[in-house]
Amino acid sequence: MTVEYTPGYLAFRECPHIKRQLEKVRYDRPELYPDVLIVDGNGRLHRKQFGLACHTGVVCNISTIGVAKNLYQMENVCLRDEEHAQLIQGLSKKGDYFNITNTRSGEVLGCAIRATTSSLKPVYVSQGHMISIARARDIVTHCCLHRVPEPVRLADIKSRTWLRESFG
């Protein structure tokens with residue numbers, strides 16, 4: 001990667017690489033081309049309401065879901081406080097969730113999901129492109145064997161292994 005990470009602008013660094021890989025799959029192994037892409041980043045749950053999942057979905061014309069391990073701090077979303085901690089405590093089993101809304105407009109921007117019964121911290125899910133928040137939530141819940149959905153978790157493991165083997 002030649003572009004540095006700038007908070008809030010992850011899509012400009014990551015999207016060209018994702019697009020290149022999707023095009024490679026479409027050409028080399030079209031039977032493996034995904035119907036939905038889950039990205040390690042936000043969709044609508046973003047200060048511009050257009051994170052990596054939205055950007056990638058539009059550029060690649062594919063349904064996308066954003067999944068983040070931490071809540072992105074943004075204006076008009078007040079959830080990094082005691083109320084947030086209480087809502088997380090209320091997530092008791094796999095699939096339990098609460099919506100995260102824009103406090104000014106009331107619009108649902110995403111949700112916090114308890115991915116497994118054993119995971120105490122939620123993942124933050126938001127729609128990217130061509131998908132509803134309800135469908136995104138269902139897909140992510142079904143993809144979780146651990147806290148992070150398997151496609152994201154496995155990609156992270158493989159990329160870290162490649163980096164370690166390639167660069168020591």
Side-chain angles (χ1 to χ4, degrees), residues 1 5 7-8 10-11 13-26 29 31-47 49-74 77 79-80 84 87-101 108-164:
M1 302 230 165
Y5 171 67
L10 179 65
R13 184 179 82 167
E14 303 287 333
C15 189
H17 302 287
I18 295 170
K19 181 179 181 190
R20 189 169 38 257
Q21 292 305 312
L22 282 172
E23 288 171 349
K24 187 174 191 302
V25 170
R26 185 186 301 254
R29 300 288 304 272
E31 72 278 10
L32 297 179
Y33 196 81
D35 294 322
V36 177
L37 184 67
I38 301 173
V39 301
D40 187 1
N42 290 297
R44 300 283 319 281
L45 189 57
H46 182 273
R47 68 181 174 160
Q49 294 187 16
F50 202 84
L52 175 61
C54 298
H55 190 116
T56 301
V58 170
V59 168
C60 299
N61 193 33
I62 189 170
S63 297
T64 52
I65 301 168
V67 177
K69 294 178 264 326
N70 297 297
L71 181 61
Y72 188 81
Q73 290 302 293
M74 51 191 273
V77 173
L79 277 177
R80 271 317 250 301
H84 183 68
L87 289 168
I88 290 172
Q89 291 283 337
L91 303 176
S92 60
K93 65 184 184 314
K94 179 177 179 157
D96 284 355
Y97 72 95
F98 60 85
N99 287 330
I100 299 170
T101 59
V108 174
L109 300 176
C111 62
I113 300 176
R114 183 154 185 177
T116 67
T117 302
S118 62
S119 63
L120 300 177
K121 292 176 68 179
V123 289
Y124 297 92
V125 176
S126 56
Q127 63 197 92
H129 184 62
M130 297 192 304
I131 197 162
S132 70
I133 188 62
R135 188 74 178 126
R137 186 179 60 237
D138 290 345
I139 290 170
V140 169
T141 301
H142 282 89
C143 287
C144 287
L145 300 176
H146 305 277
R147 178 176 174 234
V148 176
E150 282 302 285
V152 173
R153 192 179 81 80
L154 294 173
D156 187 53
I157 290 168
K158 286 185 177 281
S159 66
R160 289 177 192 277
T161 300
W162 180 83
L163 285 170
R164 197 171 32 258

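Every heavy atom of this structure was used, including side-chain atoms; hydrogens, water molecules and symmetry mates were not.
Counting all heavy atoms, side chain and backbone alike, I113 lies closest to Y97 at CG1-CB, 4.0 Å. Taking every heavy atom of both residues into account, C54 and G43 meet most closely at SG-C, 3.4 Å. Contact record, P34 with I62: O-CD1, 3.6 Å, taken as the closest heavy-atom pair. Counting all heavy atoms, side chain and backbone alike, L91 lies closest to A112 at CD1-O, 4.2 Å. Closest approach of L52 and D40 over heavy atoms only: CD2-O, 4.0 Å. Looking at every heavy atom in both residues, T116 comes nearest to C144 through CG2-O, 4.2 Å.
Using bins of under 30°, 30° to 60° and over 60° for the plane-to-plane angle, the ring pair H84/Y124 lands in the parallel bin.
In this structure, the side chains of N70 and K121 come closer than 4.5 Å at one or more pairs of heavy atoms. Using a 4.5 Å heavy-atom threshold, the side chains of T64 and H55 count as separate. Two residues are said to be in side-chain contact when any heavy atoms from C-beta on lie closer than 4.5 Å; S119 and R114 meet this criterion. Counting heavy atoms from C-beta on, the side chains of V148 and D156 never come closer than 4.5 Å. The side-chain heavy atoms of V108 and R44, taken from C-beta on, include no pair separated by under 4.5 Å. Between R147 and K69 there is a side-chain heavy-atom pair separated by less than 4.5 Å. With a 4.5 Å cut-off on side-chain heavy atoms, T141 and K94 count as touching. Annotation: side chain of V25 is not in contact with side chain of Q21 (no heavy-atom distance under 4.5 Å).
The pair K93-D96 counts as a salt bridge, with a side-chain nitrogen and a carboxylate oxygen less than 4.0 angstrom apart.
Rounding to the nearest 0.5 Å gives a distance of 12.0 Å between CG of N99 and OG of S126. For the atom pair CG (N42) and OH (Y72), the distance works out to 7.5 Å, reported to the nearest 0.5 Å. The structure places CD1 of I18 at 6.5 Å from CG of L37, a figure rounded to the nearest 0.5 Å. Distance check, rounded to the nearest 0.5 Å: NE2 of H46 to CG of L10 gives 8.0 Å. Between E150 atom CD and I38 atom CD1 the span is 10.0 Å, to the nearest 0.5 Å. Here D138 contributes atom CG and S132 contributes atom OG; the two are 8.0 Å apart, rounded to the nearest 0.5 Å.
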(request) Please lay out, stage by stage, how M130 and N61 fare under the test side chain to side chain contact (heavy atoms under 4.5 Å, CB included). (result) CA-CA 9 Å; M130 297 192 304; N61 193 33; 3.9 Å; yes
(request) Please step through salt bridge (Lys or Arg N to Asp or Glu O under 4.0 Å) for the pair E23 and R26, ending with a clear verdict. (result) CA-CA 5 Å; E23 288 171 349; R26 185 186 301 254; over 6 Å; no
(message) Test side chain to side chain contact (heavy atoms under 4.5 Å, CB included) on L109 and M74; report intermediate values, then the result.
(response) CA-CA 11 Å; L109 300 176; M74 51 191 273; 3.5 Å; yes
